[in-house]
Asks: 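Here it is, the structure in full.
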Protein chains: 2
Amino acid sequence: MSLPHAILTALLEKPSSGLELTRRFDKSIGFFWPATHQQIYRELGKLEQAGLIRALPSAQPTRGQKKEYEVLPAGRAELTSWASGPQDPKPVRDALLLRMRAAAVVGTEGLEAELRRHLDLHRQQLAHYDAIEKRDFPPGKDTTENRLRHLVLRGGIHLESFWITWLEEALTEIGRPDALRQPPSPGSDDPVSPSGA
Amino acid sequence: MSLPHAILTALLEKPSSGLELTRRFDKSIGFFWPATHQQIYRELGKLEQAGLIRALPSAQPTRGQKKEYEVLPAGRAELTSWASGPQDPKPVRDALLLRMRAAAVVGTEGLEAELRRHLDLHRQQLAHYDAIEKRDFPPGKDTTENRLRHLVLRGGIHLESFWITWLEEALTEIGRPDALRQPPSPGSDDPVSPSGA
DNA sequence: GCCTCCATGTAACACGTTACATGATTCG
DNA sequence: CGAATCATGTAACGTGTTACATGGAGGC
């Protein structure tokens with residue numbers, strides 16, 4: 001139930017058409033909630049039907065014609081309530097950690113190269129965020145909205161830094177002398193808990 | 001395409017029935033790839049049909065009767081290939097960051113309490129991981145498999161630490177003198193980029 | 001016999017992903 | 001007028017989520 005709220009947020013920041021939203025997602029909200037244009041059109045339809053947004057009257061409803069949306073009071077209320085209520089954090093779901101776990105069973109072939117590749121990608125992303133931070137959040141301009149948006153960006157920065165740190169640790173570790181022998185014995189005991197419980 | 005591979009990994013570690021898998025997921029693989037029993041049964045069916053696993057002959061196929069699976073050579077091959085090939089990291093998708101962004105538009109009511117709550121949850125999870133680390137990865141026992149599994153766990157530990165750090169930073173920041181005034185002006189400019197580009 | 005727990009499963013829906021279809025506008 | 005681009009959409013599918021259904025085994 002997050003995409004509709006992401007869209008409401010974006011529309012409150014600035015009324016837009018579907019494609020405009022898509023592009024704006026790609027360079028800001030989409031960093032922590034990506035969405036394709038198909039998802040966005042689908043949600044815009046639902047939000048309009050639910051009476052949370054409406055198409056600006058200026059636009060004709062013919063196909064291929066730009067259609068701008070704005071948030072209605074009910075939409076703002078819905079967003080406010082969603083943003084202020086409790087919501088548990090969603091558990092992590094990460095394929096790289098999983099593949100590492102698989103490598104413990106079927107062998108580490110190709111693993112080191114993959115870790116290096118990911119390390120590089122995360123460094124690029126971090127550089128990207130750093131550039132945005134320099135550009136958009138210079139000292140001063142200290143409004144409440146900006147502080148909050150800055151915090152979100154710093155979340156992204158910390159997250160990329162986490163990956164970089166961990167990947168470097170992992171590369172060091174699997175590079176150590178005896179750590180690169182091939183597939184281990186089958187039938188070893190349970191995942192994180194060889195000692196039970 | 002990750003759940004089937006998570007299941008193959010778990011089954012290689014130890015042949016199991018659906019419920020056993022579910023329980024083992026809950027305390028190890030599920031930390032970074034959660035799955036409910038319904039998902040697991042569904043995938044077990046697909047994997048069996050695809051010829052990657054098979055039910056152990058000892059078990060009868062009546063409803064309500066335990067059914068154990070083991071991985072076939074084709075399954076191991078599939079897992080090996082999946083674990084060694086390239087796969088781009090999936091972009092982040094996090095509701096708390098999103099809600100913070102929304103709060104920049106509709107106001108910060110309830111935000112601080114929610115941040116504290118999350119902080120607490122992440123501290124608990126970190127404590128949990130720390131306990132597992134102490135129990136399962138004492139110095140020594142330095143096989144390749146254990147090193148890899150330890151690295152995965154350390155990934156979880158780093159990740160929780162990231163959240164704790166960031167949440168503490170956020171709480172400090174929104175606690176600062178002028179940062180808690182109510183809803184900001186509507187119609188402010190673009191998300192991360194008030195200055196454009 | 002009844003309740004509880006173990007175990008396997010069905011059904012329906014929500015959401016994300018990918019590929020493709022179609023109309024409008026602009027520019028050479 | 002033809003091609004490229006902008007813009008909105010359809011369709012089909014994979015996976016995750018939630019609620020519920022069914023059968024067997026053991027204890028009281």
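Side-chain atoms are counted along with the backbone in the values below, which use heavy atoms only and exclude waters and symmetry mates. This structure is a prediction, so every number in the text was calculated from the model and none was measured. Quick note on labels: first sequence line is chain A, next is B, and so on, each numbered from 1.
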Asks: Write down the atom of A:His118, the atom of A:Leu167, and the distance for their closest heavy-atom approach.
Replies: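 That would be C-CD1, 3.8 Å.
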Asks: Using the closest heavy atom to pick a nucleotide of DNA chain C for each, name whichever of B:Arg42 or B:Leu19 lands nearer the 5' end.
Replies: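 Its nearest nucleotide lies further toward 5', so the answer is B:Leu19.
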Asks: Would you mind telling me which of C:dA7, D:dG16, C:dT10 lies closest to the side-chain atoms of B:Gln38?
Replies: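 Nearest to the side-chain atoms of B:Gln38, counting from C-beta on, is C:dT10.
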Asks: If I take atom NE2 in residue B:His37 and atom P in nucleotide D:dT17, what distance separates them, rounded to the nearest angstrom?
Replies: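 About 13 Å, once rounded to whole Å.
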Asks: Can you give me the closest heavy-atom contact between A:Ala95 and B:Trp33, atom names plus distance?
Replies: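 Smallest interatomic distance, heavy atoms only, reads N-CZ3, 3.7 Å.
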Asks: Is the phosphate of D:dG24, meaning OP1 or OP2, less than 4.0 Å from a side-chain N or O of B:Lys66?
Replies: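 Checking D:dG24 against B:Lys66, no side-chain N or O comes under 4.0 Å of OP1 or OP2.
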Asks: Atom CD1 of B:Ile7 and atom P of C:dT8: how far apart are they, to the nearest Å?
Replies: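 Spelled out: CD1 on B:Ile7 to P on C:dT8 is 13 Å.
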Asks: Just the rounded figure in Å: distance from C1' of D:dG16 to CD1 of B:Ile40.
Replies: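 So the CD1-C1' distance, B:Ile40 to D:dG16, works out to 12 Å.
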Asks: Holding to salt bridge (charged side-chain N to carboxylate O under 4.0 Å, His left out), I want the full list of residues that pass it with B:Glu160, two or more places apart in sequence or in another chain.
Replies: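 With sequence neighbours excluded, B:Glu160 shows a salt bridge (charged side-chain N to carboxylate O under 4.0 Å, His left out) to no residue whatsoever.
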Asks: Nearest-Å distance, CD (A:Glu20) to P (D:dT8)?
Replies: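 It works out to 8 Å between those atoms.
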Asks: Go through it in stages, so that I can follow the logic: the residues are A:Arg99 and A:Glu114, the test is salt bridge (charged side-chain N to carboxylate O under 4.0 Å, His left out), and I'd like the CA-CA distance, side-chain angles, deciding distance and then a yes or no.
Replies: CA-CA 10 Å; A:Arg99 291 161 75 202; A:Glu114 185 67 353; 3.1 Å; yes
Asks: Please state how far atom CG in A:Leu98 lies from atom C1' in D:dT15, giving the value in whole angstrom units.
Replies: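 It works out to 15 Å between those atoms.
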Asks: In terms of side-chain heavy atoms of B:Lys46, which of D:dT15, D:dA7, C:dT8 is nearest?
Replies: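 When the side chain of B:Lys46 is considered, D:dT15 is the closest of D:dT15, D:dA7, C:dT8.
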Asks: Do the side-chain N or O atoms of B:Arg93 get closer than 4.0 angstrom to the phosphate oxygens (OP1, OP2) of C:dT17?
Replies: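 Result: yes.
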Asks: For A:Arg23 and D:dA7, is the shortest distance between a side-chain N/O and OP1 or OP2 below 4.0 Å?
Replies: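 True: A:Arg23 side-chain N/O within range (under 4.0 Å) of D:dA7 OP1/OP2.
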Asks: Does D:dG9 have OP1 or OP2 sitting under 4.0 Å from an N or O in the side chain of A:Tyr41?
Replies: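 Negative; the distance criterion is not met.
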Asks: D:dG9 P sits how many Å from A:Glu43 CD, rounded?
Replies: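 Value for this atom pair: 14 Å.
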Asks: Just how far, in rounded Å, is C1' of C:dC6 from NZ of B:Lys67?
Replies: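 Computing the B:Lys67:NZ to C:dC6:C1' distance gives 16 Å.
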Asks: Go through the steps to decide whether A:Arg76 and A:Glu70 satisfy the test salt bridge (charged side-chain N to carboxylate O under 4.0 Å, His left out), and finish with yes or no.
Replies: CA-CA 10 Å; A:Arg76 176 181 283 265; A:Glu70 68 175 0; over 6 Å; no
Asks: Figure out the CG/P separation between A:Leu3 and C:dT17, and round it to whole Å.
Replies: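 Those two atoms, CG and P, are 10 Å apart.
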